[in-house]
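I have placed the structure first, in the form of structure tokens, so that the comments after it can refer back to it.
Since this is a predicted model, take the numbers as computed values, not measurements. FYI, side chains are in, hydrogens and waters are out, and symmetry mates aren't considered; it's all heavy atoms of this structure.
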Number of protein chains: 2
Amino acid sequence: MLFFEARRTRLSGTATPSPLNLYQLRRTCSTCSLSELCLPMGLESGDMQRLEELVALRGPVNEGDHLFRVGDPLRVLYAVRGGFFKSYLVEANGREQVLGFHLPGELIGLDAIWPEQHQCNAVALNTASVCELPYAGLSDLGRQVPGLQHSMLRLLSKELALSHSLAGDYSAEERVAGFLLSLSSRMKARGHSETHLTLAMSRRDIANYLRLATETVSRVFSRFEQDGLVSVDRREVMLRDLEKLGQIGRCFTVG
Amino acid sequence: MLFFEARRTRLSGTATPSPLNLYQLRRTCSTCSLSELCLPMGLESGDMQRLEELVALRGPVNEGDHLFRVGDPLRVLYAVRGGFFKSYLVEANGREQVLGFHLPGELIGLDAIWPEQHQCNAVALNTASVCELPYAGLSDLGRQVPGLQHSMLRLLSKELALSHSLAGDYSAEERVAGFLLSLSSRMKARGHSETHLTLAMSRRDIANYLRLATETVSRVFSRFEQDGLVSVDRREVMLRDLEKLGQIGRCFTVG
DNA sequence: GGCCCGCATTGACCTGAATCAGGTTTCCCG
DNA sequence: CGGGAAACCTGATTCAGGTCAATGCGGGCC
């Protein structure tokens, strides 16, 4: 029931000065597939198998359940099997900051790789299920298989890339288009339709993530719909003109 | 003679569509001290010594000289001894994007830790000198000393933090104040005055880094001066009220 | 069913920063 | 020394997006 108004009060207004918060700065979103972790770095099949043996299934995760919270020790990495997650931070003044969304097939928890403590919260946006990868085992394996270490670094470096893409001064339309395309390509990579999206997150989460006002997100959706780029019905979104969307939002599209 | 007007043309205007550029997204700035790399992770003195043995001095670096460019293989990491550097990217359309500034005592080149190729350019802002840390040796050492690996991860994760601090929707004043404070605290950490700064970078570089217009940076400087927060004379800046600056710019201040 | 609450959309308005258009100073180089 | 190009500052204007406010809509719950 916390974090409703997530807007930042401007300096000029009745700003409530928030003290320096280091955690506030460690915004990490881990959007990487399990196969990405293993396959491209040339793990041998033996190693792959040993990795797979580590994986444990876990019961269903209900909407609103947390996988972990800021400060929790890094026990396992999570691979999303079904459902959506979001990771977020609560800043000192109670405002929420959405760091990223996590789709089926992606990995959550890398933000904690150092100092082995989670730097953000991860919560299910709808009923979901996950696999658990015990970090200790992963770490042991990493010592024997240098490729795994590199994979980790690679993923971290990809995080860095992704976070940078949010830093640029992009217009609202670029941001929204890029967001939609990113979801689209990630869904496609998992074998889903690339044109039909069901957004699991609210407009507010999207806006917060993109650092826009919810009203702006709404308006951009409407404008896109008017221009025939998309069809929107509540949280069902149909991408009608990937080409044009790409022209607008290319800056956001990370693999 | 490249990259003069680095402004982003807005979508609505006569936007020149720039194709997707992956490198554009991998914006990395490596602002970390050498001692930070070694000391806090509890390297034993023997290991420290072996690290020091790797270090090689290098002749003077002239203003405008590049340490490396995008795509160069990662041969060495650089520790700045004197002078300032900036790291930047040239986007597909020729616009420049400043990623960070590097002060004496800091480490440059971590952006390339994976895939061992530099992801940005690093150039001297004035006459400078550096030490070189051969990466191969560092890497060998890292295999024997797990703490070093962790240090690397830690630094990367710090990069991530820093990059995130630029992502928030901060006002021009917050950005500028934070920028000054960041320089101040970094200079102080190296034993310099924390109130008297000599900016090695142009207003344009600052603006580009903070994602503002140069005019805005200028105006904020003037406003701060009027309010008695700073005294500015060209590139000489005197911080007169750290307290108030801190209230304004706290969000930026990373260790 | 009817109430209520939270989400979403839309319009009117405001504001911070970009843009445009000067101007001055500094410094480089012939 | 003088010309010219940067760098820097300042004011006027514009505009994207935030803020405020009103309304619609769907779903849970008594």
Take the protein atom [atom1] of [X] and the nucleotide atom [atom2] of [N], then report the distance between them rounded to whole Å.
| X | N | atom1 | atom2 | result |
| --- | --- | --- | --- | --- |
| B/Leu210 | C/dA17 | CG | P | 12 Å |
| B/Asp205 | D/dA6 | CG | C1' | 13 Å |
| A/Arg203 | D/dG26 | CZ | C1' | 14 Å |
| B/Arg219 | C/dG16 | CZ | P | 13 Å |
| B/Asn208 | D/dC8 | CG | P | 13 Å |
| A/Leu199 | C/dA8 | CG | P | 9 Å |
| A/Ile248 | D/dA16 | CD1 | P | 14 Å |
| A/Glu63 | D/dG28 | CD | P | 10 Å |

Any N/O donor-acceptor pair, A/Arg211 side-chain to D/dG18 base, under 3.5 Å
no

Does the base of D/dC9 carry an N or O that pairs as donor and acceptor with the side chain of B/Glu215 under 3.5 Å?
no

With respect to the phosphate group of C/dA18, does any side-chain polar atom (N or O) of B/Thr216 fall under 4.0 Å of OP1 or OP2?
yes

Do the ring planes of A/Phe68 and A/His118 sit parallel (below 30°), tilted (30 to 60°) or perpendicular (above 60°)?
parallel

Side-chain ([X]) to main-chain ([Y]) donor-acceptor, under 3.5 angstrom:
| X | Y | result |
| --- | --- | --- |
| A/Arg81 | A/Cys131 | no |
| A/Glu225 | A/Val232 | yes |
| B/Arg175 | B/Leu212 | no |

Nucleotide of [options] approaching [X] most closely (side-chain heavy atoms):
| X | options | result |
| --- | --- | --- |
| A/Arg235 | D/dC9, D/dA12, C/dC7 | C/dC7 |
| B/Arg204 | D/dA7, C/dT9, D/dC9 | D/dA7 |
| A/Ser171 | D/dG17, C/dA17, D/dC8 | D/dG17 |
| B/Ala213 | C/dT10, D/dG17, C/dT19 | C/dT19 |
| B/Ser218 | D/dT10, C/dA17, C/dT10 | D/dT10 |

Does any residue of residues 222-232 of chain B have a heavy atom under 4.0 Å from DNA chain C, and if so, which ones, in number order?
none

Any donor-acceptor pair under 3.5 Å linking the side-chain atoms of A/Ser218 with those of A/Arg203?
no

So, using salt bridge (charged side-chain N to carboxylate O under 4.0 Å, His left out) as the criterion, who are the partners of A/Glu236 when residues are at least two apart?
none

Does B/Glu96 pair with B/Arg204 as a salt bridge, N-O distance under 4.0 Å?
no

Where each residue is assigned the nucleotide of DNA chain C containing its nearest heavy atom, which of B/Arg234 and A/Phe221 is assigned the position nearer the 5′ end?
A/Phe221

